[in-house]
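First comes the structure, then the notes that go with it.
First the proteins, then the strands, lettered A, B, ... as listed; each starts at 1. Both backbone and side-chain heavy atoms feed into the values below; hydrogens, waters and symmetry mates do not.
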Amino acid sequence: MSWLAEPWQYEFFRTGLLAVLLAGVLCAWVGCYVVLRRMAFLGDGLSHAVLPGLVVAYIGGWPLWTGALVAALVTTAGIGWAGRRQQVTEDSAIGVWYTTMFALGLVLMQRAGSYRSVTHLLFGDVLGVTRGDVAVLAVLTVLVSGTLWLLHKELELTTFDPQHAESVGLRPEWLRGILLVLLAVTIVATIQTVGVLLTSALLVTPAAAAGLVTRRLLMMMAVATGIAVLAGVGGLYASYYRQLPSGATIVLFCALAFGVARCEAWRRRHCRTNRVHP
Amino acid sequence: MTDETTQPAETRQTIGHPRWPYARRVCHAFRPDAPALAVRDVTVSYPGAPRPALVALTLTVAAGASVALVGCNGAGKSTLLKAIVGLLPLTGGDIRVGGLPRGGCHHHVAYLPQRNALDWRFPITVRRLVVTGRYAHLGWLRRPGAADWTAADAALAELDMTGLAQRQISELSGGQQQRALLARSLAQGAELLLLDEPLNEVDAATRSAFGAALARWRAADQRRAVLTATHHLHCSEISFDSVIGLAEGRLAEPAGDWEVVR
């Protein structure tokens, strides 16, 4: 078992592991609402749309998360505004916004002088995470998970029955707005771990896998958290020992968990069918 | 619109409202002399629609009455119910529920939507669905307590669904879904029920259980009223005191002999 302990001697591994655990918890919780509200495309779009903010922050020498947060909130507001006015459908608004923002980010990357110096923004570099990054991630995790806990019953109700929610005085569109902000914050917090291109995978895949094998929202959140954490730890070890890109390896572990969950869901359905029709 | 300063003193006191209610209004009891529902000159338009869905509609539902709302598809039945409960803005006119402006107190009106309004694949149990009827009493930051779960369990028992309480809602049949929605409305403790085609595509046993539970609910308090949008006057297990017909958003003579349903 010495192979388990060996990487712990390195500061970068311990810090990276902590970042992966926090990002896993954060993505799993928010991801459950993203999956249940069918907002996966929005999550994907938002993760791409933060690129120009990241590049501007990189060029300006500011903390990356500040630029990403501004870009994410601008995109969230733009998509929300377009969707509310119903001049275009929401998926069209997402498609237009995120491709435009991503293209702007690529142009800014070119202006930054070298693609190579900023490619870690695209693919993430969890082993390059600093203690300061982890501190920011921890604060954002506490903020987002605390908000989800406080608003759990309202978010749950507006997700599955917005009409009843409105009839008891709630404003479903406000709760959706709050969820969009939490989603933006989550994406910003996770980008350092798996990068712009793969963030939506960490957000969607564990929650989708958990949804296949659970029947309660809180259980779905717990299983999604377990999957995200295990995939993060497994991906980090595989990355360390096989010199693989850490973000991509974590996402592949998530995909493996989804495959296992899919097989388990199929087995359960098969067993149930056999019980009904022996 | 009447505000709290125009309420009679005896109805101005608050009634067990949550500490942080969802809608920032003071909660009042129904005015004792007011009808359960008064709709006056109400016009409702959908954005982009060529004509209003409801046109200067006026009707009254007396306290304790059970009224059927009949009409063809597109007549405006569902629109009227949604306007009463506050889901749609009024283009003109006024709606009073128990003498209070709509939305004056969300405890008082329970709305049972058509089944397809809910995401039935959502991962929650039947019991949890029913307890959402108590949320108007809880407001922000409060979780359902023992009294709320007791009310939910009693409503499930009323609909003979105790055995299904821990089922996931996706496992319910259409009739069971409809009974679960009525249980939620009963758990809310409302004084006016708005039912949107509750007996569509459900079997005779469900219709019977539904009608019996509704009759017991009304019998428990003579002021409780029901407004039911329906296509099935003659095979309905719900008893009605009167029938209101709608056609193209206006009042119309109800077709057929509705006396048989009394």
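To the nearest 0.5 Å, the span separating CD1 on I124(B) from CZ on R216(A) amounts to 9.5 Å. Separation of atoms CZ (R102(B)) and OG (S167(A)) is listed at 12.5 Å; rounding is to 0.5 Å. Remark: I169(B) CD1 to F160(A) CZ distance equals 5.5 Å, nearest 0.5 Å.
Looking at L141(B) and L150(A), their side chains come closer than 4.5 Å, going by heavy atoms from C-beta outward. Annotation: side chain of P123(B) is not in contact with side chain of R215(A) (no heavy-atom distance under 4.5 Å). At a threshold of 4.5 Å between non-hydrogen side-chain atoms, the residues R38(A) and D119(B) count as touching. Contact of the Y22(B) side chain with the E154(A) side chain is registered, since non-hydrogen atoms from C-beta on lie closer than 4.5 Å.
With hydrogens and angles disregarded, a donor-acceptor distance shorter than 3.5 Å links the side chain of K153(A) to the backbone of G139(B).
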Could you give me the CA-CA distance, side-chain angles and deciding distance for L88(B) and E166(A), then say whether side-chain contact (heavy atoms from CB on, under 4.5 Å) is met? CA-CA 10 Å; L88(B) 293 172; E166(A) 202 167 349; over 6 Å; no
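Per-residue heavy-atom pair counts under 4.5 Å with chain B were compared for M220(A), H164(A), M219(A), and the maximum is reached by H164(A).
With a 4.5 Å cut-off on non-hydrogen atoms, R37(A) does not touch chain B at all. Looking at L157(A), only its side chain comes within 4.5 Å of chain B, counting heavy atoms on both sides.
For the pair R171(A) and W140(B), the cation-pi test (distance below 6.0 Å, angle within 45°) is failed.
Ion pairing between R184(B) and D161(A) holds under the 4.0 Å rule for side-chain N and carboxylate O.
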